[in-house]
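Read the structure below first, then the notes.
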Amino acid sequence: MQPTAIEVHDLCVTYDQKPVLWDIDLTVSSGSLTAIVGPNGAGKSTLLKAAMGLLQPTSGYVSIFDSTAKRAVRSIGYVPQRESVDWDFPISVEEVVLMGRYGRLGLFRRPSKYDRKIVAECLDKVQMTEYAKRQISQLSGGQQQRIFIARALAQQPDIYLMDEPFAGIDAATENTIVDILKGLQKDGKTIVAVHHDLQTIPSYFDSVILLNLRLIACGKVQDVFTAENLQKTFGGRLTILDQVTEAVRTGQQRHTQDSETEVKG
């Protein structure tokens with residue numbers, strides 16, 4: 001049994017006395033690749049911010065490796081929504097990624113050669129080395145997303161929390177990000193990402209959290225990513241249900257084919 005990376009217990013979060021998350025209980029296993037799925041306003045981003053300790057819950061708690069988010073801050077790397085960032089700020093790609101090292105620097109310490117080596121390696125992983133000196137405002141949307149993932153990689157955390165990492169990017173960037181996430185998982189890292197494309201859930205993730213103010217389901221994709229649970233999550237919108245039915249069918253076929261291959265092997 002995998003140890004628990006994130007535990008959420010009786011979590012309630014309110015904005016202006018309006019509930020955004022209500023009575024959430026769930027666990028995320030260490031080394032899992034987990035999607036958070038739900039309609040707009042379901043509390044997906046709020047759950048990530050509560051996990052980082054950026055929001056004070058009305059009740060309940062989030063624990064990271066049996067500690068508080070504040071104490072485990074070095075264990076968490078965060079990729080925000082691209083739309084929430086001021087991309088006109090005059091800073092280079094290299095400087096953005098270098099920010100990921102600041103949590104490991106002592107007070108008044110300047111980045112070392114080792115820190116800059118880590119930055120260079122992270123830029124190489126997201127295939128952005130040639131853009132290191134470029135201003136972030138000069139990048140495309142997909143390139144900007146790669147840079148923020150590189151910044152998270154530079155933190156060298158154990159848990160990655162990502163808010164819509166695949167939103168508004170090109171296919172090449174999406175493939176690059178998927179490869180990076182699966183590589184991190186192989187290294188034992190835990191990844192939790194808000195995700196909207198239901199059809200790619202079975203191929204990108206092994207676990208899923210279905211959320212709509214309350215927790216609908218949490219577990220392995222093959223166990224909880226069902227048309228019935230999606231109907232509870234999204235309120236029975238036919239187009240979405242059509243998508244998930246196809247995604248579930250495709251995922252089950254792929255799972256069966258993989259199992260047959262393993263048996264034959």
Side-chain angles (χ1 to χ4, degrees), residues 20 33-49 51-52 54 76-97 99-100 122-132 134-155 157 159-185 191-205 208-212 221 225 230 233-234 237 239-240 242-244 246-247 250:
V20 181
L33 182 47
T34 302
I36 304 178
V37 175
N40 292 336
K44 303 182 295 295
S45 298
T46 299
L47 181 59
L48 292 187
K49 291 175 182 176
M52 290 186 294
L54 298 179
I76 304 172
Y78 177 54
V79 178
Q81 288 186 22
R82 194 160 49 84
E83 291 76 11
S84 67
V85 177
D86 180 8
W87 294 105
D88 292 324
F89 190 78
I91 189 171
S92 72
V93 164
E94 187 177 47
E95 289 168 330
V96 170
V97 181
M99 288 179 179
C122 293
L123 284 171
D124 182 61
K125 283 183 180 179
V126 299
Q127 302 172 19
M128 289 293 290
T129 300
E130 63 184 288
Y131 298 90
R134 189 169 296 189
Q135 294 289 302
I136 57 171
S137 60
Q138 299 173 343
L139 303 179
S140 69
Q143 290 169 339
Q144 290 170 347
Q145 192 69 300
R146 291 184 192 216
I147 294 310
F148 261 68
I149 289 175
R151 186 183 71 168
L153 292 172
Q155 292 178 244
I159 296 176
Y160 291 82
L161 302 179
M162 302 186 174
D163 201 345
E164 301 188 38
F166 299 105
I169 60 174
D170 56 275
T173 295
E174 183 159 333
N175 291 334
T176 297
I177 293 175
V178 171
D179 289 343
I180 289 170
L181 298 190
K182 290 186 180 292
L184 289 171
Q185 185 183 26
I191 306 101
V192 181
V194 174
H195 191 60
H196 286 288
D197 184 0
L198 299 178
Q199 291 179 306
T200 57
I201 294 286
S203 55
Y204 288 3
F205 300 91
V208 63
I209 297 168
L210 297 171
L211 193 67
N212 192 349
V221 168
F225 190 65
L230 265 291
T233 305
F234 290 94
R237 298 175 190 175
T239 54
I240 291 174
D242 288 343
Q243 288 180 24
V244 74
E246 176 62 20
T250 304

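Numbers here simply count residues along the sequence, with the first being 1. Since this is a predicted model, take the numbers as computed values, not measurements.
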I36: side chain to side chain contact (heavy atoms under 4.5 Å, CB included) partners, not counting sequence neighbours: K44, L47, L48, V192, V194, I209, L211
With C122 as reference, evaluate I147, L153, I180 under the side chain to side chain contact (heavy atoms under 4.5 Å, CB included) test and give the passing residue. L153
Across all chains, not counting sequence neighbours, the ring pair (Phe, Tyr, Trp, His ring centres under 6.0 Å) partners of F166 are H195, Y204
Taking every non-hydrogen atom, the tightest pair across I169 and G141: CG2-O, 4.4 Å
Got a sec, which residues hit salt bridge (charged side-chain N to carboxylate O under 4.0 Å, His left out) with E174, two or more places apart in sequence or on another chain? none
On a heavy-atom basis, which atom in S203 and which in K182 lie closest, and how many Å separate them? O-NZ, 3.1 Å
I'd like to check the side chain to side chain contact (heavy atoms under 4.5 Å, CB included) partners of L54; sequence neighbours left out, ordered by chain and number. K49, M52
Partners meeting side chain to side chain donor-acceptor pair (under 3.5 Å) with Q143 (sequence neighbours left out): Y131, S140
Of N40, I201, V37, which meets side chain to side chain contact (heavy atoms under 4.5 Å, CB included) against H196? N40
Counting only N and O atoms by type, is there a donor-acceptor contact under 3.5 Å from the side chain of N212 to the main-chain atoms of G38? no
Minimal non-hydrogen separation, P80 against F148, with atom names: CD-CD2, 3.3 Å
What residues, two or more places apart in sequence or in another chain, satisfy side chain to side chain contact (heavy atoms under 4.5 Å, CB included) together with A172? R146, D170
Does a donor on one side chain and an acceptor on the other come within less than 3.5 Å for Q145 and T173? no
